[in-house]
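Taking it in order: structure first as C-alpha cells, then the write-up.
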Amino acid sequence: QVQLVESGGGLVQAGGSLRLSCAASGRTLSSYAMGWFRQAPGKEREIVGAISWGGAERYYSDSVKGRFTISRVNAKNTVYLQMNSLKLEDTAVYYCAAAQRFTLLSTDFESWGQGTQVTVSL
C-alpha cells in the first residue's frame, strides 16, 4: 500500500486561499487515482474531489466546484488541492486517499492520510 501524508492546512480568513499537498511514499502515486475528502465536526465524511491517475478525469462536489482545483505531479509523487474563495462551511479535516481506479466511493479508497485541519474564520 501507498502511505499518504497531507500538509498545508491552517487558519485562513473567509475569501482566502490554501493549497493542500498530499505526498506519497512506499509506492509510486502514478498507479493510483486520488481523492480528497473532508469531515466537519458532527458531519459525515464527504468527497470533495477526485482525479484519475493521469489527470484526464476530475470530479468536484457541487459545494466546491469553481473554487477548488485538484492537480497532481506524478514525478513528485504529490497531489494538490488548491482551495480559493474559502467559506466558513469549508472548515473541516481534509484527507487524501488513493484508489486502484477512478471512483467517488470512499469504500473504494484503500489508503488514507492522517488528515490536515482547515479552519476558515470571519
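This structure is a prediction, so every number in the text was calculated from the model and none was measured.
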Contacts of type side-chain hydrogen bond (donor to acceptor under 3.5 Å, both in side chains), residue [X], not counting sequence neighbours:
X	answer
Ser17	Asn84
Arg67	Asp90
Ser61	Ser63
Arg27	Tyr32

| query | Out of Trp112, Tyr95, Tyr94, which one pairs with Phe37 under the ring pair (Phe, Tyr, Trp, His ring centres under 6.0 Å) rule? | reply | Trp112
| Partner set under ring-ring contact (aromatic ring centres under 6.0 Å, His included) for Trp53, not counting sequence neighbours | none
| said: Going by salt bridge (charged side-chain N to carboxylate O under 4.0 Å, His left out), name the pairs with one or both residues in residues 71-81, residues two or more places apart or in two chains. | reply: none
| task | Can you run down the salt bridge (charged side-chain N to carboxylate O under 4.0 Å, His left out) pairs that involve residues 44-55, sequence neighbours left out, and say none if there aren't any? | result | Arg38-Glu46
Say whether, by atom type as modelled, one donor and one acceptor occur between the side chain of [X] and the main chain of [Y] under 3.5 angstrom.
X	Y	answer
Glu6	Gly115	yes
Thr119	Thr91	no
Gln3	Gln1	yes

| message | Hydrophobic cluster membership, with links at side-chain heavy-atom distances under 4.5 Å among I/L/V/M/F/W/Y: are Val12 and Val93 in one? | response | no
Approximate separation, where rounding is to 0.5 Å, of [X] [atom1] and [Y] [atom2]:
X	Y	atom1	atom2	value
Ser71	Gln82	OG	CD	8.0 Å
Thr28	Asn77	OG1	CG	5.0 Å
Tyr59	Ile51	OH	CD1	14.5 Å
Thr78	Leu29	OG1	CG	7.5 Å
Met34	Asn74	CE	CG	9.5 Å

Minimum-distance pair of heavy atoms, taken over all atoms of [X] and [Y]:
X	Y	answer
Ser52	Ala56	OG-N, 3.2 Å
Gly49	Ile70	C-CD1, 3.1 Å
Val2	Ala24	CG2-CB, 3.6 Å

| Set of residues satisfying salt bridge (charged side-chain N to carboxylate O under 4.0 Å, His left out) with respect to Lys65, sequence neighbours excluded | Asp62
| query | What pairs of residues pass the disulfide bond (SG atoms under 2.5 Å apart) test when at least one of them lies in residues 80-122, not counting sequence neighbours? | reply | Cys22-Cys96
| Listed once per pair and sorted, the disulfide bond (SG atoms under 2.5 Å apart) pairs that draw on residues 29-61, sequence neighbours left out | none
| query | Using a side-chain heavy atom cutoff under 4.5 Å and only I, L, V, M, F, W and Y, what cluster partners does Tyr80 have? | reply | Val73
Should [X] and [Y] count as side-chain neighbours, where that means a heavy-atom distance under 4.5 Å?
X	Y	value
Trp36	Leu20	yes
Arg19	Leu81	no
Val48	Tyr60	no
Val118	Met83	yes
Leu88	Leu122	yes

Please output the side-chain donor-acceptor pairs of residues 103-110 that fall under 3.5 Å, not counting sequence neighbours, one pair per line with the distance.
{"unit_1": "Thr103", "atom_1": "OG1", "unit_2": "Leu105", "atom_2": "N", "d": "3.2"}
{"unit_1": "Thr103", "atom_1": "OG1", "unit_2": "Asp108", "atom_2": "OD2", "d": "2.7"}
{"unit_1": "Asp108", "atom_1": "OD2", "unit_2": "Arg101", "atom_2": "NH2", "d": "2.9"}
{"unit_1": "Glu110", "atom_1": "OE1", "unit_2": "Gln100", "atom_2": "NE2", "d": "3.1"}
{"unit_1": "Glu110", "atom_1": "OE2", "unit_2": "Gln100", "atom_2": "NE2", "d": "3.2"}

